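Small disclaimer: the values here were computed from a predicted structure and weren't measured.
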Amino acid sequence: MTVRIATWNINSVNARLEKLLEWLRSAQPDVLCLQELKSTTDAFPFEAVRELGYETAAHGTGRWNGVAILSKIGLADVVRDLPGQPGYLDPATADEGTLLPAEPEIEPRAVAATCGPVRVWSVYVPNGREVGHAHYAYKLDWLSTLRDAVVADAAGERPFAVLGDFNIAPTDTDVWDVAKFEGATHVTEAERAALADLQAAGLADVFPRPLKYDHPYTYWDYRQLSFPKNYGIRIDLVYGNKPFTEAVSDSYVDREARKGKGTSDHAPVVVDLAL
DNA sequence: ATGCCTCAAACGTTGAGA
C-alpha cells in the first residue's frame, strides 16, 4: 500500500480551517500531523475534517501550542504528552513570590498514534526564545525527553517517525542567511546535538525536495517579504526509523500552501511511503 | 505577482512566534 504522511504547523487550526480543508482535499494525505493548533481540544473542528474522512486525535489547551494527528487509515493507541515530559515555568511567574506555588506547566506539544502500518508522533518543540533563556533550557530538556520517549519505537520493526516543528535548522544550509542567526536559537550546537541524539537512536532526517528554488525551506516569516524573497528556514522535520525511511518513495515541501493571504507561516512537508 | 505580520485572549494591548 502507499501511505502519504504530512506535517504542518498550521498556526491556528480555526483561523486556518478553510485553508486546511482545501489542502486536505488537494493533497489528500492519509495522515496529517498538525502543530500550533492555538485551540482547545474541545474547539478543534472535528466534524469538518470528519466529513473529509479523517479521525482526529487533538491535544490543545487554548492560546498557544496544541498538536493533533488526523488519519483516514486508523487511529489507535493515542498517547498525549511524552512520558516524563518536562513542563515550563515562566521565570516571571516564579518570581512573583509566595502566594501560590508556581508549578511548571505541561504544555500540549506532543501526541502519538498508530495509523495503519505506521506509528507517528506529532511534536511541537519549544522555541527556546533566546540562548540562555529559561525557555532555551526547557527546549533542550524537552528534546532529551523526546529522545527517551522514542528510542524503543526507533529501534523497532514497525515504520515509525517523529514529525513536526522542531524549531531547529539541522545545518547551516537550512537557513537562508546564516549570518542572520549569529548567536540565535535554532542553529546552536546544543540544539543540533539533540538531533544527533535522535539519529543515534536510529532515526534519520527525511530530506524533502523543494518545489521551487534549490533548498526545501519550510518556514518564512510573515514580515518583510520573506516568502517572495525566499528568506526561509527548514525547521519542520521528519525523523523516521529504518523501516520508515526505506519505504520513502517521495518527499517534498508544499510551498504552494504558503502563497497568498491567510496562510500559515509554515508550509506542509509531505512524505510518501510504499509499504 | 508569492507582496511588506498574525494569532488569541480580551476588548486595547500584550505576548508569542523564530
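dA16(B) and dA1(B) are spaced 30 Å apart, taking the C1' atom of each and rounding to whole Å. dT14(B) and dC4(B) are spaced 25 Å apart, taking the P atom of each and rounding to whole Å. Nucleotides dG15(B) and dC11(B) place their P atoms 14 Å apart, quoted to the nearest Å. If you take atom P in dG3(B) and the same atom in dT13(B), they sit 29 Å apart, rounded to whole Å.
Per the geometry, CH2 belonging to Trp64(A) stands 5 Å off P belonging to dA16(B), to the nearest Å. Taking atom NZ of residue Lys139(A) and atom C1' of nucleotide dG17(B), one finds them 11 Å apart after rounding to whole Å. dG17(B) atom C1' lies 10 Å from atom CZ of Arg109(A), rounded to whole Å. Spacing between atom CG of Leu17(A) and atom C1' of dC7(B) amounts to 15 Å, rounded to whole angstrom units. Between Asn9(A) atom CG and dT6(B) atom P the separation is 15 Å, expressed in whole Å. Distance Tyr231(A) OH to dG17(B) P: 25 Å, rounded to the nearest Å. The distance from atom CG of Asp221(A) to atom P of dC4(B) is 13 Å, rounded to the nearest whole Å. For Arg223(A) and dC7(B), the CZ to P distance is 14 Å, given to the nearest whole Å.
Asn127(A) comes within 4.0 angstrom of a base, heavy atoms only. Note on Tyr219(A): only backbone sugar-phosphate atoms sit closer than 4.0 angstrom, heavy atoms only; bases stay farther off. Arg258(A) comes within 4.0 angstrom of nothing in the nucleic acid, heavy atoms only. Counting any heavy atom pair closer than 4.0 Å across all strands shown, Tyr124(A) reaches sugar-phosphate atoms only and no base atom. Backbone-only engagement by Glu36(A) is indicated by non-hydrogen atom pairs under 4.0 Å involving sugar-phosphate atoms exclusively. At a threshold of 4.0 angstrom between heavy atoms, the contacts of Asp165(A) are confined to the sugar-phosphate backbone, with no base atom among them.
The side chain of Thr185(A) contributes no N or O atom lying less than 4.0 Å from OP1 or OP2 of dA18(B). The shortest distance between the side-chain N/O atoms of Asn11(A) and the OP1/OP2 oxygens of dA16(B) is not below 4.0 Å. Between His266(A) and the phosphate of dA18(B), there is a side-chain N or O to OP1/OP2 separation shorter than 4.0 Å. When the side-chain nitrogen and oxygen atoms of Arg129(A) are compared with OP1 and OP2 of dA16(B), one or more of them lie within a distance under 4.0 Å.
Between the side chain of Arg63(A) and the base of dT14(B) there is at least one donor-acceptor pair of N/O atoms closer than 3.5 Å.
Proximity note for Ala15(A) (side chain, C-beta onward) versus dA8(B), dA18(B), dC4(B): the nearest is dA8(B). Picking from dG17(B), dC4(B), dC7(B) the nucleotide with the shortest atom distance to the side chain of Arg16(A) gives dC7(B).
A donor and an acceptor atom, one from each side chain of Asp148(A) and Thr145(A), are nowhere located under 3.5 Å apart. Side-chain contact check for His215(A) and Asn230(A): no donor-acceptor pair (N or O, by modelled atom type) lies under 3.5 Å. Checked by atom type, the side-chain pair Lys38(A)/Asn11(A) shows a donor-acceptor distance below 3.5 Å.
Summarising the local packing, CD of Glu157(A) is surrounded by 12 or fewer heavy atoms from other residues, nucleotides or ligands at distances under 6.0 Å.
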Tell me, with the steps shown, if Glu22(A) and Arg25(A) meet salt bridge (Lys or Arg N to Asp or Glu O under 4.0 Å).
CA-CA 5 Å; Glu22(A) 177 187 339; Arg25(A) 287 188 205 100; over 6 Å; no
Can you list, pair by pair, the side-chain donor-acceptor contacts under 3.5 Å of residues 111-124 of chain A, counting residues two or more places apart and other chains?
{"from": "Thr114(A)", "atom 1": "OG1", "to": "Arg119(A)", "atom 2": "NH1", "distance (Å)": "2.7"}
{"from": "Arg119(A)", "atom 1": "NH1", "to": "Asp77(A)", "atom 2": "O", "distance (Å)": "3.1"}
{"from": "Arg119(A)", "atom 1": "NH2", "to": "Asp77(A)", "atom 2": "O", "distance (Å)": "3.0"}
{"from": "Ser122(A)", "atom 1": "OG", "to": "Leu34(A)", "atom 2": "O", "distance (Å)": "3.0"}
{"from": "Ser122(A)", "atom 1": "OG", "to": "Gln35(A)", "atom 2": "NE2", "distance (Å)": "3.2"}
{"from": "Ser122(A)", "atom 1": "OG", "to": "Ala68(A)", "atom 2": "O", "distance (Å)": "3.3"}
{"from": "Tyr124(A)", "atom 1": "OH", "to": "Glu36(A)", "atom 2": "OE2", "distance (Å)": "3.4"}

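Looking at which nucleotide of DNA chain B each of Ile233(A) and Lys261(A) is closest to, the 5′-most match is held by Lys261(A). Both Lys38(A) and Pro126(A) lie near DNA chain B, and the one whose nearest nucleotide falls closer to the 5' end is Lys38(A).
Checked against side chain to side chain contact (heavy atoms under 4.5 Å, CB included), Phe46(A) has the following partners two or more places apart in sequence or in another chain: Thr41(A), Phe44(A), Arg50(A), Thr56(A), Ala58(A).
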